[in-house]
Amino acid sequence: MKLHEYQSKLIFSKYGIPIPKGRVAATAQEARHIAEELGGRIVIKSQVLVGGRGKAGGVKVAKDPQEAEQLATQILAMEIKGLPVRKVLVDEAAAIETEIYFAITNDRAAKKPVLMASSAGGVDIEEVAAKTPEQIVKVHIDPLLGLREYQARDVAASIDLPRDYWKEFIKIAAGLWNVYKETDAILAEINPLVITKDKRLVALDGKMMIDDNAMFRHADLAEMRDIDEEAPAETEARKYGLSYIKLDGNIGCMVNGAGLAMTSMDVIKLFGGEPANFLDIGGGAGAEKVAAAMRIILTDPHVKAVLFNIFGGITRCDEVARGILVAMDEVKPKVPMVVRLVGTNAEEGRKLLENANMITAETLADAAKKSVAAAQGK
Amino acid sequence: MKLHEYQSKLIFSKYGIPIPKGRVAATAQEARHIAEELGGRIVIKSQVLVGGRGKAGGVKVAKDPQEAEQLATQILAMEIKGLPVRKVLVDEAAAIETEIYFAITNDRAAKKPVLMASSAGGVDIEEVAAKTPEQIVKVHIDPLLGLREYQARDVAASIDLPRDYWKEFIKIAAGLWNVYKETDAILAEINPLVITKDKRLVALDGKMMIDDNAMFRHADLAEMRDIDEEAPAETEARKYGLSYIKLDGNIGCMVNGAGLAMTSMDVIKLFGGEPANFLDIGGGAGAEKVAAAMRIILTDPHVKAVLFNIFGGITRCDEVARGILVAMDEVKPKVPMVVRLVGTNAEEGRKLLENANMITAETLADAAKKSVAAAQGK
Amino acid sequence: MSILVDKNTRLLVQGITGNEGLFHTTQMFAYGTNVVGGVTPGKGGEWVLDGKIPVFDSVKLAVDATEANASIIFVPARFAPDAMFEAADAGIPLIICITEGVAVQDMMRVRSYLDQKKVRLIGPNCPGLLTPGEAKVGIIPGDIAIPGNVGVVSRSGTLTYEVLYALKLVGMGASTCVGIGGDPVNGTNFLDVLEMFEHDPKTEKVVMIGEIGGTDEEKAAEYIASKMTKPVAGFIAGQTAPPGKRMGHAGAIIEGGAGTAADKIKALESAGVKVAKHPEEIPTLLK
Amino acid sequence: MSILVDKNTRLLVQGITGNEGLFHTTQMFAYGTNVVGGVTPGKGGEWVLDGKIPVFDSVKLAVDATEANASIIFVPARFAPDAMFEAADAGIPLIICITEGVAVQDMMRVRSYLDQKKVRLIGPNCPGLLTPGEAKVGIIPGDIAIPGNVGVVSRSGTLTYEVLYALKLVGMGASTCVGIGGDPVNGTNFLDVLEMFEHDPKTEKVVMIGEIGGTDEEKAAEYIASKMTKPVAGFIAGQTAPPGKRMGHAGAIIEGGAGTAADKIKALESAGVKVAKHPEEIPTLLK
């Protein structure tokens with residue numbers, strides 16, 4: 001789950017990381033009020049869950065409350081990478097001397113958290129990573145022991161941070177580690193962490209992603225989820241524990257297992273078709289879940305055919321077949337359906353679907369070819 | 001640092017461990033008010049930092065607020081093992097079905113925290129430990145990983161706790177681990193943890209000791225220290241970072257190092273004397289600390305002679321000598337002083353004391369013999 | 001011979017009385033796996049499978065009574081880390097965790113602790129192990145594979161079944177099939193299993209099924225190129241997948257450009273691996 | 001020969017610019033100890049002892065530059081755990097922590113981590129090591145001991161000095177003196193050091209100075225009785241000490257009746273150790 005900048009920074013602040021004064025606003029008038037409270041120069045920042053807001057014109061500086069209101073009006077009318085801007089963060093503008101990149105994330109190769117920092121912070125950090133990776137310091141953290149103070153100090157030294165800032169930097173590093181650990185983050189990023197002209201370290205921007213698998217111990221964070229920022233079908237899918245991603249093709253797919261779901265898409269493409277979605281019903285799905293999955297697939301008007309590819313293991317084919325029957329009864333789909341059932345209870349499943357007017361397939365290649373043909377109306 | 005029962009239980013409660021309803025009172029009238037609020041049968045418990053309160057008559061049950069006031073009056077007038085009772089805890093009385101012993105402490109041999117539990121809880125647990133140690137379950141906790149849920153469950157099973165209570169017991173165990181860890185406790189003990197007749201688990205009594213060396217990260221706990229419960233000389237000694245314990249003899253001792261301090265006492269005794277105190281000035285003590293130490297020793301009117309035994313290492317003998325001179329000038333002691341300086345800067349130290357009218361000694365045995373003689377007026 | 005599990009495996013099932021645990025215990029037992037006991041806290045003393053398999057309150061009690069030497073975990077995700085710690089502390093040398101959805105920071109702690117104890121973990125979020133004709137330790141349907149000389153290792157669950165099934169349809173069998181699971185932090189990886197297959201006399205050919213994300217396939221390719229003498233065929237899922245939801249700049253820095261299907265296929269092909277266009281092609285590539 | 005430290009020890013001083021660090025660095029250097037560098041974060045690039053010893057910002061930088069193989073810690077108690085982690089992570093195989101007053105739960109974590117890394121720790125709250133004539137790594141005054149064949153191991157600081165001094169006064173010298181420190185959770189214990197002395201050709205006799213509390217002396221007695229061939233003399237401090245402040249019932253359960261001076265003396269005497277009545281008797285017992 002991604003958090004907005006303003007949410008991330010509120011969390012940072014709770015863990016002792018200094019952030020600019022400011023607040024989030026949903027209207028231009030609110031933005032003006034906040035600007036009046038803050039005084040001085042103001043930054044208006046669109047709150048959308050994608051990168052590249054600055055380049056898209058979603059971050060602007062205002063010299064006074066009136067301009068703040070104007071800019072907020074503009075930004076709240078924007079759409080960035082397809083996402084409408086519904087909120088803006090109104091922050092005091094900082095006079096920046098240096099921009100530092102600072103993050104903790106998971107290093108899956110090392111199986112450990114990793115702290116990363118660079119004196120070349122800011123929006124171009126990925127370019128730095130690609131061209132001069134030696135400018136980015138990485139330190140692995142022992143997951144049982146946590147970040148040690150000396151490690152933070154070594155990082156401060158390695159990015160040539162002036163010694164006057166070490167103490168504060170170490171405090172921020174400890175704070176960021178606690179944020180990462182206690183929120184089950186998979187990313188806690190400050191970019192930029194700035195040295196201001198008045199010699200303070202401030203987290204000017206923040207980005208956090210929380211591990212969805214750890215939500216059971218974070219009821220407070222779950223409330224922060226911004227469902228306005230998701231496609232409704234994805235929200236619906238999550239409700240049922242399904243993993244769904246909408247794509248641009250016209251062949252709906254329902255598969256058990258992420259690897260097999262991707263493979264089904266690959267094979268559809270290999271035989272000249274275009275998948276309409278990625279949909280993994282997971283392991284052990286019951287009839288209800290399967291029915292929900294089918295409804296979600298069919299909400300996409302571009303879908304011209306549906307491929308069900310189920311290889312039973314922990315999932316039982318008869319349960320899947322029952323779900324399909326329930327959903328067919330409910331949504332009365334008009335598009336052709338290709339179904340392939342193999343593995344646990346496949347025989348029982350096939351029997352249940354015998355009278356359901358579906359195209360059956362034996363192999364994956366066969367199933368893919370038949371769904372490509374069906375989508376083309378052949 | 002020891003905490004009172006009421007302090008320990010407040011901390012337990014903060015970590016989700018159920019405690020009886022109740023509050024602490026400093027007067028009998030207060031006790032009555034609390035009893036009125038609580039209703040029903042009431043326990044009045046003296047709050048002193050020693051064990052054996054029950055056997056000393058410091059814990060009584062009252063049937064109503066009036067009796068509560070009477071008993072509180074009695075108990076607040078008591079002295080238990082030399083400590084005056086200044087506060088009583090007024091708790092609702094529990095109807096007890098089973099008493100469990102439950103504690104986390106340090107196992108120095110294993111270098112790990114250890115969780116201990118027994119179905120034979122209550123005041124006689126030490127007898128159980130001596131006679132039937134198999135009735136006490138011990139589980140070591142990995143200091144980096146913490147208490148795992150399965151360990152708590154295994155303990156519940158091992159002490160034959162009925163399964164209906166496992167879930168709550170596991171919660172209490174997790175709470176006690178967090179108490180132990182987050183307060184830097186060297187002991188967090190619930191004795192007894194009771195099953196009440198109405199089928200609840202409740203921590204009826206609590207005892208905690210906090211690691212004095214970890215106080216730097218527990219300003220909140222430091223405020224809980226009850227200096228009324230300490231000998232004033234010990235409070236004074238702690239202020240200066242000295243380790244002082246008053247004893248019954250008449251030869252005051254000031255030594256650097258706990259081992260050498262104990263040895264000096266041993267040798268005094270070996271040659272027929274009785275030490276008046278244990279006093280370790282620690283490593284690297286300066287003149288100010290030495291002066292404070294001498295003042296503290298001389299507040300004991302039984303002291304008939306003082307032995308200074310300093311073997312310089314990290315402590316410098318000249319600094320110690322300076323401290324002695326400062327203190328002599330200030331307190332003008334009337335008792336004979338035996339001084340032995342060896343090691344770092346011993347020569348300089350001896351020179352400084354040349355004109356101070358002190359008995360000097362070369363060896364520890366010699367020093368001990370001379371102070372025994374001096375105390376006997378020889 | 002085979003790797004990791006065989007007729008001598010004495011298997012414990014953690015979470016044996018749950019829906020999935022019980023269903024798959026029945027399947028494993030029917031297959032002939034030597035399931036010696038199960039664990040469900042609070043149900044110690046009961047029996048499952050018509051009195052054939054005893055249930056214990058803890059792994060330690062189960063190990064004491066049964067001398068189990070492997071444990072498979074079917075408990076819900078939030079309890080799975082504790083189940084792994086418990087198995088490791090009870091001295092189980094091989095743990096297979098089927099559970100899906102374990103939090104990643106939990107897994108980092110588990111992995112760190114298990115490494116200290118030299119315990120081998122397969123999974124989590126994996127289909128487990130199958131040594132056809134000897135032992136089924138997991139959820140791979142037993143009837144889709146026959147004994148043979150092909151070692152199969154895969155990050156994916158059901159995709160693995162496709163491959164085993166495709167092999168069976170042409171009469172090819174597996175020595176052992178290892179589903180290592182697709183989670184970002186898991187126990188055993190491709191390289192570990194390839195090494196075992198390289199040293200297993202029963203395995204003559206190897207199939208490796210990867211997918212996008214991470215760099216384990218690239219590392220496996222290095223090993224194959226430098227150390228492996230047995231032929232390897234492979235498949236990488238996710239060639240048409242859209243780029244995943246990005247983890248800010250950090251993801252880009254950590255993963256670099258790596259992790260795409262194209263990268264992995266290139267790495268494997270450079271190492272001499274025959275990479276299939278779709279999984280049902282694999283048997284042909286092995287001939 | 002000697003144990004733990006000698007002329008080849010390349011010593012780093014953590015906290016070298018602090019009062020105590022600098023004072024004792026001067027003393028160690030004057031003694032002839034090969035002090036190769038020091039660490040004080042924020043003071044990297046400076047020099048101490050008139051430009052003879054370089055200061056670094058971190059242990060890692062210091063090790064890279066100096067190839068130090070031992071580190072002595074003089075930093076304040078609240079920073080000492082981090083200093084030990086840092087030294088261990090930088091690959092230092094021998095850490096001596098002089099610092100007094102380290103929190104016990106910190107020490108349990110440190111000890112657990114250092115054990116994983118197979119790092120030897122002496123202390124904390126100890127006077128360090130002295131191999132007379134070769135290396136002084138700690139705060140034991142150099143002039144109170146002469147080279148010889150007596151191995152000395154002690155939980156106490158200044159009491160150790162008494163013994164070394166008493167030996168010197170009668171012309172007896174030490175092979176190595178090890179102050180293991182008196183904290184409840186420390187690195188190296190009596191048993192470890194006795195084993196080293198038993199295998200050290202230079203050591204012919206051993207002195208062991210214990211004190212009340214814990215059971216390390218009792219464990220050492222077991223080792224002496226079963227494995228040691230060299231004669232041991234000892235002393236136990238605290239024979240007249242009042243019983244310590246009790247840790248509720250828990251202390252009694254964990255420690256049982258053990259830990260008194262009488263118990264320890266009995267255990268040692270049963271193991272054939274000659275136990276002195278006061279420390280200045282020890283040289284006589286060794287003859």
Side-chain angles (χ1 to χ4, degrees), chain B residues 2 51 101 103 105-109 111-114 116 125-126 129-130 133 136 142-144 181 184 186-187 189 191 207 209 211 213-214 216-217 245 247 255-260 262-263 265-270 275 278 282-284 310-315 342-344 363-365 368, chain D residues 19-20 24 27 77-78 98 100-109 111-113 127 139-141 144 154-162 165-166 182 184-185 209 211-216 219 235 237-242 245-254 256-257 277-280:
Chain B
K2 281 185 185 178
Y101 177 82
T105 186
N106 304 331
D107 185 344
R108 58 191 286 173
K111 319 278 182 204
K112 281 181 183 154
V114 61
M116 296 190 293
I125 187 70
E126 286 188 40
I136 298 177
D142 184 300
L144 295 178
K181 188 181 169 201
D184 270 290
I186 50 183
L187 172 70
E189 184 181 70
N191 186 33
K207 184 171 281 165
M209 289 180 72
D211 184 353
N213 287 335
F216 68 90
R217 55 188 165 218
I245 300 169
L247 301 171
V255 187
N256 64 326
L260 189 57
M262 287 193 289
T263 303
M265 288 156 53
D266 292 349
V267 181
I268 285 171
K269 185 122 178 173
L270 184 67
F278 167 94
I310 304 296
F311 209 123
I314 204 161
T315 305
V342 200
T344 309
T363 67
L364 173 53
Chain D
N19 263 345
E20 295 190 2
H24 288 289
Q27 304 270 321
R78 69 176 72 181
I98 305 301
E100 181 181 349
V102 180
V104 67
Q105 289 196 27
D106 281 338
M107 274 315 301
M108 293 194 288
R109 288 184 282 265
R111 179 67 199 267
S112 174
Y113 188 74
I139 62 176
I140 303 173
I144 61 169
S154 170
R155 262 169 76 183
S156 172
T158 43
L159 178 53
T160 317
Y161 309 169
E162 289 283 1
Y165 190 60
V185 174
I209 312 293
E211 59 185 49
I212 50 170
T215 54
D216 274 7
K219 280 185 206 143
F235 177 74
Q239 300 174 46
T240 57
K245 298 183 178 183
R246 284 283 304 281
M247 287 172 50
H249 295 300
I253 297 172
I254 280 293
K277 288 206 172 53
H278 68 87
E280 287 154 335

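To find a chain, count down the sequence lines: A is the first, B the second, and so on, and within it residues start at 1.
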| message | Tell me whether the count of non-hydrogen atoms from other residues, nucleotides or ligands lying under 6.0 Å of NZ in D:K219 goes above 12. | response | yes
| field | Contact winner vs chain D - B:T344, B:T363, B:I268, B:I310, heavy-atom pairs under 4.5 Å | value | B:T363
| task | Could you go through the side chain to side chain contact (heavy atoms under 4.5 Å, CB included) check for D:V185 and B:N106 one step at a time? | result | CA-CA 9 Å; D:V185 174; B:N106 304 331; 5.8 Å; no
| field | Sole candidate of D:R109, D:Q105, D:R111 that passes side chain to side chain contact (heavy atoms under 4.5 Å, CB included) when paired with B:P143 | value | D:R109
| If every non-hydrogen atom of B:D184 is compared with every non-hydrogen atom of D:A103, which pair is closest and at what distance? | OD1-CB, 4.4 Å
| Rounded to the nearest 0.5 Å, what separation is found between the CG atom of B:L247 and the OG1 atom of D:T240? | 8.0 Å
| Steps toward side chain to side chain contact (heavy atoms under 4.5 Å, CB included) verdict (B:M262, D:I212) | CA-CA 9 Å; B:M262 287 193 289; D:I212 50 170; 3.7 Å; yes
| Counting distance only, does the side-chain N/O of D:E162 pair as donor-acceptor with the main-chain N or O of B:L260 below 3.5 Å? | no
| task | For B:T263 and D:F235, work out which heavy atoms get closest and say how close. | result | OG1-CE2, 3.4 Å
| task | Specify the closest pair of heavy atoms between B:A365 and D:H278, including all atoms of both residues, with the distance to one decimal. | result | CB-CE1, 3.8 Å
| Separation of D:M107 CE from B:R108 CZ (nearest 0.5 Å) | 12.5 Å
| said: Is B:L364 close to chain D through its backbone or its side chain, or both, or neither, when contacts mean heavy atoms under 4.5 Å? | reply: both
